[in-house]
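Here the structure is laid out as structure tokens; the discussion comes afterwards.
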Amino acid sequence: PTSVESVDSVLFDTRQGFCGHFASAYATMMRAVGVPARVVTGYLGGEWNPVGSYLIVRQSDAHAWTEIWLEGRGWTRVDPTIVVEPERLLRGAYNVMGEASMPIGISLLQSAWLTRVAQYWDGANTWWRERVVGFDLRSQLSLLGKLGIDSPGWRHLGWAFAGALLIWLVWVTATLRRSVAQEKPDRIARAWMLATRKLEKVAAPRAPHEGAVTYARRISALHPHLASGITAVATRYVRLRYGPESADEDIAALEREVRQLAVR
């Protein structure tokens, strides 16, 4: 466990953590010396399933690393975990944690025959998705051709299959749209976005790697008369966005400060 200030805890107290802690700490130190940095999340590794000849990527394969901006090279990948714990990259997070901290499901898969059973089960599920759930018009026509079906009602049968496929596609599209729908920005994000849009009238837009406080310092240096206003907005925004709590009255105060921010 770490405190709210997880970067400080990892650097100065525990000296322990996961890839996300190391990446955050490294990005913070790079920004402190003026090097633009950002944390990137994704997946590393996976398990090859010889039953179905495909790669299984689980949530336990999630990983975090860092990118820093170097003149002449652009964004460059740096993975601090490979320095702190190179075994994490080779064996995965759960294996590095040891058996005592390993979830029981992952621990059971250390058995060779259970691993084989799990691969067969996953392969069966994949076959079901591809051969049954994904049984599209082309697959249907191919199957009918193998069965020698070319009766006078073939055209009507084809239209029936096409109609069924269209209904299925509409259902899939509606399901996917619900599953990938992005959440709307909350009140804190909307207030900060309004402030940055206001400030774009007098300064270059905020860069993707530029934090709120750093952005406020840049604006203050360019326009000293805006220093107190933008500093107050940025400070309150950071406290609300990354602090432990965000009360309604504090959010209302942020919205009020943004409305009162006079840009000229």
Side-chain angles (χ1 to χ4, degrees), residues 1-49 55-70 73-112 114-115 118 122 183 186 188-189 192 207-217 234-247 250:
T2 62
S3 66
V4 174
E5 303 291 344
S6 62
V7 170
D8 289 350
S9 296
V10 171
L11 288 177
F12 305 117
D13 299 329
T14 65
R15 302 292 182 90
Q16 295 178 342
F18 289 104
C19 54
H21 298 111
F22 303 144
S24 298
Y26 182 78
T28 301
M29 291 190 294
M30 289 296 98
R31 290 177 179 179
V33 296
V35 179
R38 62 189 182 189
V39 176
V40 187
T41 57
Y43 294 88
L44 175 69
E47 176 190 349
W48 180 254
N49 188 335
L55 189 68
I56 302 173
V57 181
R58 299 186 175 89
Q59 189 62 30
S60 58
D61 296 312
H63 189 54
W65 57 96
T66 313
E67 288 183 353
I68 60 173
W69 181 269
L70 300 178
R73 294 181 58 181
W75 287 109
T76 303
R77 180 186 304 167
V78 177
D79 191 344
T81 305
I82 200 172
V83 178
V84 179
E85 182 55 77
E87 288 295 312
R88 161 65 181 91
L89 307 185
L90 300 176
R91 296 193 290 134
Y94 286 134
N95 290 318
V96 172
M97 290 168 62
E99 295 183 1
S101 304
M102 192 177 299
I104 186 170
I106 301 297
S107 179
L108 289 175
L109 289 180
Q110 302 302 306
S111 169
L114 283 177
T115 299
D122 196 272
E183 295 183 2
D186 58 13
I188 300 173
W192 176 246
H209 65 270
E210 198 171 21
V213 175
T214 304
Y215 176 61
R217 290 172 181 167
T235 302
R236 188 181 295 275
Y237 165 74
V238 169
R239 186 170 64 250
L240 291 174
R241 181 83 292 167
Y242 306 108
E245 297 180 357
S246 54
D250 293 329

Practice task
Taking the side chain as every heavy atom from C-beta outward, state whether Val7 and Met29 have any atom pair closer than 4.5 Å.
Solution key: no

Practice task
Using atom types as modelled and distance alone, determine if a side-chain donor or acceptor of Thr28 lies under 3.5 Å from a backbone N or O of Ser24.
Solution key: yes

Problem - Min side-chain heavy-atom separation Glu47-Arg58 under 4.5 Å - result: yes

Problem - pair Asp122-Asn49: side-chain heavy atoms closer than 4.5 Å - result: yes

Exercise for the section: Could you tell me whether the side chain of Asp61 reaches within less than 4.5 Å of the side chain of Leu44, counting heavy atoms only? Expected result: no

Problem - Heavy-atom closest contact (Ala212 atom, Ala234 atom, distance) - result: O-CB, 3.7 Å

Handout entry: More than 12 heavy atoms of other groups within 6.0 Å of Arg217 CZ
Key = no

Practice task
Answer whether the closest heavy-atom distance between the side chains of Tyr26 and Ile68 falls below 4.5 Å.
Solution key: yes

Practice task
Name all residues meeting the ring pair (Phe, Tyr, Trp, His ring centres under 6.0 Å) criterion together with Trp69; count only those two or more places apart in sequence or in a different chain, and write none if there are none.
Solution key: Trp75

Handout entry: Electrostatic pair Asp186:Arg241 at N-O distance under 4.0 angstrom
Key = yes

Problem - ring pair (Phe, Tyr, Trp, His ring centres under 6.0 Å) against Tyr237, all qualifying residues, sequence neighbours excluded - result: Trp192

Handout entry: Heavy-atom closest contact (Met30 atom, Ala37 atom, distance)
Key = CB-CB, 3.8 Å

Practice task
Answer yes or no: is there a side-chain heavy-atom contact under 4.5 Å between Asp250 and Arg236?
Solution key: yes

Fill in the blank from the handout: Taking every heavy atom of Val39 against every heavy atom of Ala64, the minimum-distance pair comes out as CG1-CB, 4.5 Å

Practice task
Using a 4.5 Å cut-off on heavy atoms from C-beta on, say whether the side chain of Pro80 contacts that of Thr66.
Solution key: yes

Handout entry: N-O pairing of Glu67 and Arg38 below 4.0 Å
Key = yes

Handout entry: Intermediate values then yes/no, side chain to side chain contact (heavy atoms under 4.5 Å, CB included), His63 and Thr81
Key = CA-CA 9 Å; His63 189 54; Thr81 305; 3.8 Å; yes

